[in-house]
Amino acid sequence: MTTKILEASIKDGKLLIEGLNPDDVKILCTGEADSTGFAIFGEDFTTYIANTQPDLNETIEKLIVLTDKMSAVAGQMVIKSVSGGSGSPAVGVSEALDVDSKKEFDKIKKELEDLKLI
């Protein structure tokens with residue numbers, strides 16, 4: 001017998017495949033939530049693997065947004081040393097709040113964008 005791979009899903013803890021209703025299935029995913037994925041049929045086994053790509057993409061997207069915001073905060077221009085008299089607004093030398101952190105956040109954001117799946 002050859003191995004077959006079919007699209008499948010888990011609904012209420014039960015493997016659903018069009019036209020098939022296997023009972024002895026090893027489910028290779030964590031959690032109990034409904035999911036979509038693939039059923040692999042071999043001579044002596046049936047295994048279900050959930051497609052976690054959509055969840056992973058969503059998590060990566062949230063991390064990209066977060067690192068972008070952190071980079072923006074680290075890049076805020078602030079007065080580092082005041083020169084001249086008192087008054088508002090402060091006059092002096094302005095620099096980014098944390099240049100090194102901004103660079104690191106930008107690097108992490110780029111790496112996350114490169115990780116995004118299709």
Side-chain angles (χ1 to χ4, degrees):
M1 177 179 176
T2 61
T3 302
K4 292 183 181 180
I5 300 175
L6 300 174
E7 289 187 18
S9 62
I10 296 286
K11 178 79 173 164
D12 299 325
K14 184 78 174 154
L15 181 67
L16 304 173
I17 304 169
E18 189 174 322
L20 301 171
N21 192 13
D23 289 325
D24 187 25
V25 177
K26 176 139 179 113
I27 298 175
L28 300 179
C29 60
T30 59
E32 308 254 336
D34 294 349
S35 63
T36 59
F38 302 94
I40 303 170
F41 294 90
E43 190 169 325
D44 298 324
F45 67 91
T46 302
T47 302
Y48 173 79
I49 301 173
N51 180 3
T52 59
Q53 184 173 327
D55 295 335
L56 185 56
N57 273 340
E58 184 177 326
T59 300
I60 290 171
E61 190 59 43
K62 287 177 182 178
L63 289 170
I64 289 170
V65 169
L66 181 61
T67 55
D68 192 44
K69 288 179 181 181
M70 293 166 67
S71 174
V73 169
Q76 288 289 316
M77 298 302 285
V78 295
I79 302 294
K80 291 279 188 160
S81 61
V82 178
S83 60
S86 62
S88 182
V91 177
V93 178
S94 63
E95 299 175 16
L97 183 63
D98 190 339
V99 175
D100 292 334
S101 291
K102 179 172 177 19
K103 288 178 185 175
E104 186 65 25
F105 291 136
D106 290 342
K107 178 183 171 205
I108 292 169
K109 179 183 174 189
K110 172 75 171 96
E111 289 170 354
L112 288 167
E113 288 171 336
D114 291 344
L115 268 181
K116 283 176 66 174
L117 306 171
I118 296 171

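All values reported here derive from a predicted model rather than from experimental measurement. In what follows, every heavy atom counts, from backbone to side chain, and hydrogens, waters and symmetry copies are set aside.
Between S35 and Y48, the shortest heavy-atom distance links the atoms OG-OH, 2.8 Å.
The side chain to side chain donor-acceptor pair (under 3.5 Å) with D106 is formed by just one residue from the set K103, K110, K102; it is K102. The only member of I17, T36, D34 that meets side-chain contact (heavy atoms from CB on, under 4.5 Å) when paired with S9 is T36. Each of T59, N57, V65 was compared with E61 under the side-chain contact (heavy atoms from CB on, under 4.5 Å) criterion, and only V65 meets it.
Taking CZ of F41 as the start and CD1 of I5 as the end, the distance is 10.5 Å to the nearest 0.5 Å. With rounding to the nearest 0.5 angstrom, the CG atom of L115 is 10.5 Å from the CD atom of E113.
Of the possible polar contacts, one joining the T67 side chain to the L63 backbone as a donor-acceptor pair under 3.5 Å is found.
Within a 6.0 Å radius of CD in E95, more than 12 heavy atoms belonging to other residues, nucleotides or ligands are found.
When the side chains of ILVMFWY residues are joined at heavy-atom separations under 4.5 Å, either directly or via intervening members, F105 and L97 end up in two distinct hydrophobic clusters. Under the 4.5 Å side-chain heavy-atom criterion for grouping Ile, Leu, Val, Met, Phe, Trp and Tyr, I64 is connected to L56 within one hydrophobic cluster.
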